[in-house]
Amino acid sequence: MIMKLVLLWVLGLWSVSGIGLSRSESFLSYLDEEVTVSPGSTTTLIVPLTLIQGAASKGAVCLDGTLPGYHLHRGFGSGANSWVIHLEGGGWCNTIRSCVFRKTTRRGSSKFMEKSINFTGILSNKAEENPDFYNWNRVRVRYCDGASFAGEGQNEANKLYFRGQRIWLAAMEELMAKGMQNANQALLSGCSAGGLASILHCDEFKNLFPETTKVKCLSDAGLFLDATNVAGGHTLRDMYEGVVTLQCFFPQNLVSNVKTPMFLLNAAYDAWQVDQSLIPSLADPHGLWRACKTDRSHCNSSQIQFFQDFRNQMLDAVKIFSESNQNGLFINSCFAHCQSERKDTWYENDSPRIGNKGIAVSVGDWFFDRTAVKAIDCPYSCDKTCHDVILK
């Protein structure tokens, strides 16, 4: 039976989608540098992989049929009954070919997942790196279904299993049994395709707990706009259609139905979207944008305006969302992606800021209701605190 799932967040004239092809693997690998274990590392917390042993009997398997997994580091002290669940990102696959390729990587098979990973950023266990969540139970759920933990179906001919929804349910069931059912506060977060997943599953997550539990959601780099690329096409829209056809999703308006408090953390000039959606190589066959794409100082005035128009679309997209008192917002004018996972962007002396407040403090202020956070940066290039991703 095909499960009716939400995969499109439409707000006004914009939509989110989190689609990646195999050609984006190198870009995503760059973003993973803070996550994978560094040889000789002695200062970063290293957490082993746990496979969900009972998942196969529920059909909750990766693209290649292997068991899904997660990394858990237990909380302590005042955070012993608090939980951060972080959903891993890493694009999507939207064709049989790209999904077949994907199952030969850690994004489609637990056979290729790192046996241990570094916990940094919002998953760090150090108060000086992660002041509000360092002693919580912190979990990174690995992403191996290719569709933001939201698919249901399979392709027999190519032995592909689209079981993201079942993986989500199996992971939550196991974590609840490991103590999350006793949580007094919980935060569901995610980056990129995981940021979209945190939106899709936000209310489901809230419903796992009694009303007395404080539950909120954080979407990092999950705002994928249906924007026009430099050739006048719609790269994300075209890729999204493939995902819908392949994995049997039924898009519908979502944002007005998300009742759980949510925080949107996003770069106004999201590096993944610039590289894969706005200026993909196919849309720039003559390389007219190559110099600008890799170094903004080489952009002419019309190219800079193209980026500013994209930023304006994002700001228009979040107007209604930001009107809710329960929601939070941090949109900085950087060419970045996934800023909650990295030590250098989450909470360092030189981390990105809007005004005088960084990302970790902003998220903490919002979660604990210390103050409202509706932070929107000035346009490029006024922000000198950015840690921009250098595109190739």
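Note that the structure is a prediction, hence the values are computed from the model and not measured.
Residue pairs that meet the side chain to side chain donor-acceptor pair (under 3.5 Å) test with at least one member in residues 49-65, sequence neighbours left out, are Lys58-Glu173, Asp64-Thr66, Asp64-Ser109. Among residues at least two apart or in separate chains, disulfide bond (SG atoms under 2.5 Å apart) pairs with a member in residues 106-155 are Cys62-Cys144.
Lys357 meets the salt bridge (charged side-chain N to carboxylate O under 4.0 Å, His left out) test with Asp365; sequence neighbours excluded. Applying the salt bridge (charged side-chain N to carboxylate O under 4.0 Å, His left out) test to Lys216 and every residue at least two apart in sequence or in another chain returns Asp369. Considering only residues two or more places apart in sequence or on other chains, Glu174 meets the salt bridge (charged side-chain N to carboxylate O under 4.0 Å, His left out) condition with Lys178.
Remark: of the listed residues Glu88, Lys115, Arg142, Arg142 is the sole one forming a side-chain hydrogen bond (donor to acceptor under 3.5 Å, both in side chains) with His71.
A cation-pi arrangement, defined by a distance under 6.0 Å to the six-membered ring centre and an angle within 45 degrees of its axis, is absent between Arg102 and Phe162.
The distance between the ring centers of Phe335 and Tyr380 falls below 6.0 angstrom.
Residues Pro261 and Trp366 form a side-chain contact, since some pair of their non-hydrogen atoms from C-beta on lies under 4.5 Å apart. Looking at Trp83 and Val139, their side chains come closer than 4.5 Å, going by heavy atoms from C-beta outward. Here the side chains of Ser148 and Tyr143 are in contact, with some heavy-atom distance below 4.5 Å. Within the 4.5 Å cutoff, side-chain heavy atoms of Ile122 are placed close to those of Leu187.
The pair Asp284-Lys293 fails the salt-bridge criterion, with no side-chain N (NZ, NE, NH1 or NH2) lying under 4.0 Å from an Asp/Glu carboxylate O.
Interatomic distance, CG of Asp132 versus CZ of Phe367, reported as 9.5 Å (0.5 Å rounding).
Through direct or indirect side-chain contacts shorter than 4.5 Å among Ile, Leu, Val, Met, Phe, Trp and Tyr, Phe76 is connected to Tyr134.
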